[in-house]
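All ligand and atom numbering here is 1-based and tracks the order in the structure.
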Amino acid sequence: MTQQAAQKDRYAVFGFPVAHSKSPRIHTLFAAQTGQALEYAALEVAAEQFPARAREFFAGGGKGLNCTVPLKELAWRFADLRSERAERAKAVNTLALRPDGTVFGDNTDGAGLLRDLTINLGLEIAGKSVLILGAGGATRGILQPLLRSGPDHLIIANRTPEKAKALAAEFGDLGEIESCGFDALAGQAFDLILNATAASLTGELPPLPSGILKNNGCCYDLAYAQGPTPFVRWGHDAGAAICMDGVGMLVEQAAEAFRIWRGIYPETAPVIALINRERGLSG
Ligand code: ATR
């Protein structure tokens with residue numbers, strides 16, 4: 001090992017599966033851009049191995065971890081102390097070793113989504129009607145910042161309507177949230193539809209009634225794939241003014257994690273453009 005390599009701070013993403021994660025590429029680009037000496041690996045860690053592997057990583061000198069599917073709730077349990085937004089989400093995607101040896105847990109997903117929607121895509125949330133599809137962990141992570149942005153109307157629709165109802169009740173102190181199943185959406189129309197289901201991961205599309213996207217409405221899939229996801233294709237077919245997948249959110253949540261670890265916020269636009277070029281889309 002060279003002296004320089006020995007001095008680099010170590011970070012990693014834990015997930016299962018994790019081989020196709022873009023996080024090592026993104027953090028390596030951030031490190032080069034900001035002149036930070038660090039290395040960042042993708043490590044396959046199954047849920048049952050998580051606490052032991054995380055303990056081992058930090059005991060071995062690791063400085064910070066990202067945790068992705070299916071480990072975010074376990075990471076929330078693992079953290080010694082947590083941010084308010086992580087407490088709300090009951091999920092942690094960023095763990096940071098503190099000088100006293102304790103581990104801080106945060107959730108940067110919601111902030112990442114909001115930055116992509118409002119700064120990168122120039123969307124206004126205030127006063128708009130917003131539909132969230134799905135009532136799992138991804139939705140938990142974005143409800144607080146979305147409600148803080150002041151939508152006129154927020155509905156969670158889910159395949160299992162009871163889960164949407166429970167989530168709406170849990171976050172009800174932050175603002176008014178309605179809930180329903182997918183078929184109850186017929187006859188309504190929204191300015192912004194966010195897909196936070198896991199359907200894209202298996203190449204599926206939630207069963208959406210037609211006519212639920214307003215003229216000039218926008219669609220956003222929190223998931224991403226090498227090509228357009230089924231929901232992104234649905235949005236284009238529905239005439240969306242803007243229709244994006246979650247690569248911008250991925251880069252922005254990574255930037256917020258990088259800031260927590262390194263105290264410096266990298267420039268995200270060139271990284272999003274490069275990642276898009278690398279997957280064959282114009283940046
Ligand atoms: P996590 O908490 O890790 O996000 P999850 O609890 O399985 O995972 O949540 C995934 C979300 O995607 C849920 O809202 C799920 O709907 P159910 O609550 O009815 O299970 C939704 N989902 C997954 N596959 C879907 C599909 N093919 N069509 C529609 N919704 C789907």
State the atoms of ligand 1, each with its element, that fall below the 4.0 Å cut-off from a heavy-atom position in [X].
X	answer
A135	14 (O)
G134	14 (O)
A138	4 (O)

*In terms of the angle between their ring planes, are H153 and F190 parallel, tilted or perpendicular, with boundaries placed at 30° and 60°?*
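Because their plane-to-plane angle is under 30°, the rings of H153 and F190 count as parallel.
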*Report the relative orientation of the aromatic rings in F14 and F57; use parallel for angles under 30°, tilted for 30 to 60°, perpendicular for over 60°.*
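Taking F57 first and then F14, their aromatic rings stand perpendicular (interplane angle over 60°).
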*Which of these, T197, T68, T160, has its nearest heavy atom closest to atom 30 (N) of ligand 1?*
T197
*Considering only heavy atoms, which of P161, P70, G136, G181 lies nearest to atom 5 (P) of ligand 1?*
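Looking at heavy atoms only, the winner is G136.
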*Examine P207 against ligand 1 and note whether any of their N/O atoms are separated by less than 3.5 Å.*
no
*Does an N or O anywhere in A198 fall below 3.5 Å from an N or O of ligand 1?*
yes
Heavy-atom nearest neighbour in the protein, as seen from [atom], with distance rounded to 0.1 Å:
atom	answer
atom 27 (N) of ligand 1	E204 OE1, 3.1 Å
atom 7 (O) of ligand 1	K163 NZ, 4.8 Å
atom 25 (C) of ligand 1	R159 NH1, 3.3 Å
atom 14 (O) of ligand 1	N158 OD1, 2.7 Å
atom 8 (O) of ligand 1	G137 N, 4.5 Å

*Do F258 and F30 have ring centres separated by under 6.0 Å?*
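That pair passes the under 6.0 Å test.
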*Please determine if R82 forms a cation-pi arrangement with F104, meaning its NZ or CZ atom is less than 6.0 Å from the six-membered ring centre and no more than 45° off the ring axis.*
no
*Heavy-atom donor-acceptor pair, D191 side chain to K128 backbone, under 3.5 Å*: no
*asked:* Ignoring hydrogens, what is the shortest heavy-atom contact between L95 and C67? Give both atom names and the distance.
replied: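 L95 and C67 have their closest heavy atoms at CD1-SG, 4.0 Å.
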*Step by step, work out the side-chain hydrogen bond (donor to acceptor under 3.5 Å, both in side chains) result for S83 and D106.*
CA-CA 5 Å; S83 66; D106 203 347; 2.6 Å; yes
_Strictly below 4.0 Å, N to O, side chains only: are E278 and R25 in salt-bridge contact?_
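Yes, this pair counts.
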